[in-house]
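Here's the structure, in C-alpha cells; my notes come after.
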There are 2 protein chains.
Amino acid sequence: MVDELDRKIISILQEDARLSYREIAKKVGVAVGTVYNRIKRLEEEGIIRGFAPKLDYAKLGYDLTTIIGVKAQGKRIIEIEREIAKDPHVACVYDVTGEYDIIVIAKFRGREDMNRFVKKLLRIDGVEKTYTHVAMDIVKEDLTLEV
Amino acid sequence: MVDELDRKIISILQEDARLSYREIAKKVGVAVGTVYNRIKRLEEEGIIRGFAPKLDYAKLGYDLTTIIGVKAQGKRIIEIEREIAKDPHVACVYDVTGEYDIIVIAKFRGREDMNRFVKKLLRIDGVEKTYTHVAMDIVKEDLTLEV
DNA sequence: GATGAAAGATGTGGCGG
DNA sequence: CCGCCACATCTTTCATC
C-alpha cells in the first residue's frame, strides 16, 4: 500500500510541501508523472490528508500552551471529547487509559482565555475534574515523524 | 507585524497549503504579487516555518500514540528534554509545571517499539519516573488553530 | 506598500513503450 | 514506471503607481 518510493516522496514533502513535482522527481530520481500520480494516490487514499503551513503560534499571539488531563464519567466520554474538540483553542484530544480519561492540548492568548476554557470544561456534563499542565517551554511540537 | 490580510492568507493556507498564489489572491481580493510578497515575508519572519503534509500516521504504521509524563531532577531537565526530542518517535516535548516536569507526545509501531522507548527514557540520567497514557482513540490531532 | 504584465517554469492529462 | 507532448496555469520579477 505504501512502498519505498511513496515514503521517499512523503519524506521530501515533510521538508517542504510546496516543492514542485519536478523538484521532487529530481530528488527521488523518477519521472515527474510518477511523482504526480503517487501524490494524487496518497491523497485519495487519505494517507496525505492535505497540506498546511507550520506556524509559530507564539508569534501569532498564542502565548500559552496547556496539556489538560480530564476525568469524566464513562458513559459520556465520547460526547465530551467531541465537544471539547470543537473548541477553537484545541489542537489535540486523546481518549486515553490511565490516570485521566481524556488528554487535551490547547493554546490560549493569555491567562484569561485559558481560565475561561477550563471553567467551560468543568461545566460540561460528565466532567468530574481536570488537571492543567502549563507549558513553560515548547521544546518540540511538530507532527512530522519519520515514515 | 501581522495584519488582517496576513491572517486571511494564513487561514487559507491552513485549509490548503498547496493552493497557488493566484487562487489565494482571488480569494482574498488582492493582486498575486501582494500574496506572494506577504507569504515570503511571513516565512522570513518565521511566522510561517514551512509547509508540511498532514499525514494519517495510523495508515503509515504508527498504530500507537502515547502521552508520557516524566518526572526528572531539576538540574538536568533541559538536557533531558533535548535528548528526548531527538528520538524519531517524538512529536512534542513540553516543559511543564505541575504533576510532571516534562510531557511527551510520541508515536510507535507496536508495543515493542513503545516499550523500548519507555525503557530508554528511564535509563536517561536524571529521569525519576514516567507515566504513560496510551491513546485508545485520537479524537483530534491537528495543530491548525484560528489565527 | 500594491499592482498588472510578461517570461520562463510548472501542473495536468494523455500517449505508446 | 518512463519519456514525450501539449495546453493551461503558475511563479517570480519588476516597472509603475
Side-chain angles (χ1 to χ4, degrees), chain A residues 1-63 109 142-147, chain B residues 1-62 88 109 142-147:
Chain A
M1 192 169 176
V2 180
D3 67 11
E4 235 1 84
L5 179 56
D6 291 325
R7 290 183 198 277
K8 275 188 195 165
I9 292 170
I10 290 171
S11 179
I12 289 168
L13 286 173
Q14 284 178 324
E15 281 172 36
D16 183 0
R18 276 184 79 93
L19 280 181
S20 68
Y21 295 122
R22 283 177 162 79
E23 298 263 12
I24 297 166
K26 209 185 300 169
K27 279 175 187 273
V28 297
V30 296
V32 183
T34 305
V35 171
Y36 177 79
N37 289 326
R38 290 294 184 118
I39 292 177
K40 203 161 67 157
R41 185 173 52 74
L42 288 166
E43 291 189 87
E44 279 162 7
E45 288 174 351
I47 293 164
I48 294 177
R49 289 169 159 171
F51 298 90
K54 294 189 232 177
L55 299 173
D56 186 329
Y57 281 105
K59 289 184 179 163
L60 288 163
Y62 287 98
D63 56 339
R109 304 179 191 268
D142 189 353
L143 288 166
T144 298
L145 303 184
E146 279 178 12
V147 293
Chain B
M1 193 171 176
V2 179
D3 67 11
E4 235 1 85
L5 178 57
D6 291 326
R7 289 182 197 276
K8 275 188 196 165
I9 292 171
I10 290 171
S11 178
I12 289 167
L13 285 173
Q14 284 179 323
E15 281 173 37
D16 182 0
R18 275 184 78 93
L19 278 182
S20 68
Y21 296 120
R22 281 169 188 280
E23 296 266 10
I24 297 167
K26 208 184 301 169
K27 279 175 188 272
V28 296
V30 297
V32 185
T34 304
V35 171
Y36 177 82
N37 289 326
R38 290 295 185 118
I39 292 178
K40 205 159 67 156
R41 184 174 53 73
L42 288 166
E43 290 188 87
E44 278 160 9
E45 286 174 352
I47 293 164
I48 294 178
R49 289 170 160 170
F51 299 91
K54 295 190 231 177
L55 299 173
D56 186 329
Y57 282 105
K59 287 185 179 162
L60 288 164
Y62 287 98
R109 303 179 192 271
D142 190 353
L143 289 167
T144 298
L145 304 185
E146 279 178 13
V147 293

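Protein chains get the first letters and strands the later ones, always in sequence-line order, with residue 1 at the start of each. If you're wondering where the values come from, they're calculated on a predicted model, not measured in any experiment.
- Taking the centre and axis of the six-membered ring of Y57(A), the NZ or CZ atom of R49(B) falls outside the cone set by 45° and 6.0 Å.
- Among dT3(C), dT12(C), dT11(D), the nucleotide with an atom closest to any side-chain atom of V30(B) is dT3(C).
- In this structure, CG of L42(B) is placed 12 Å from P of dG1(C), rounded to the nearest angstrom.
- The OH-C1' distance, from Y21(A) to dG3(D), rounds to 19 Å in whole Å.
- The side-chain heavy atoms of L55(B) and L13(A), taken from C-beta on, include no pair separated by under 4.5 Å.
- We find that CD1 of I24(B) is positioned 11 Å from P of dC10(D), with the value rounded to whole Å.
- Contact annotation: K40(B) does not reach the phosphate of dT11(D) (side-chain N/O to OP1 or OP2, under 4.0 Å).
- Residue M1(B) contributes atom CE, which lies 17 Å from atom C1' of dG1(C) at whole-angstrom precision.
- Ranked by how close their nearest DNA chain D nucleotide is to the 5' end, L5(A) and K26(B) are led by L5(A).
- Between T34(B) and dT3(C) there is a side-chain polar atom (N or O) within less than 4.0 angstrom of OP1 or OP2.
- Proximity of E15(A) to F51(B): side-chain heavy atoms (C-beta onward) are nowhere separated by under 4.5 Å.
- If you check every strand for non-hydrogen atoms under 4.0 Å, Y36(B) touches a base.
- The R22(A) side chain lies nearest to dT10(C) when the options are dT10(C), dC10(D), dT3(C).
- With dT11(D), dT10(C), dA2(C) as the choices, the nucleotide that has an atom nearest any side-chain atom of S20(A) turns out to be dT10(C).
- Checked for salt-bridge contact, K27(B) and E23(B) miss the test: no charged N lies under 4.0 Å from a carboxylate O.
- The CD1-C1' distance, from I39(A) to dG11(C), rounds to 12 Å in whole Å.
- Contact annotation: R41(B) side-chain N/O to dG1(C) OP1/OP2 distance is not under 4.0 Å.
- Distance from the side chain of V32(B) is smallest for dT11(D) among the nucleotides dT11(D), dG1(C), dT3(C).
- The existence of a salt bridge linking K40(B) and E44(B) is excluded, since no basic side-chain nitrogen approaches an acidic carboxylate oxygen closer than 4.0 Å.
- Both R18(B) and D3(B) lie close to DNA chain C; mapped to their nearest nucleotides by heavy-atom distance, the more 5′-ward contact belongs to D3(B).
- Atom pair E23(B):CD and dT10(C):P shows a separation of 19 Å (rounding to whole Å applied).
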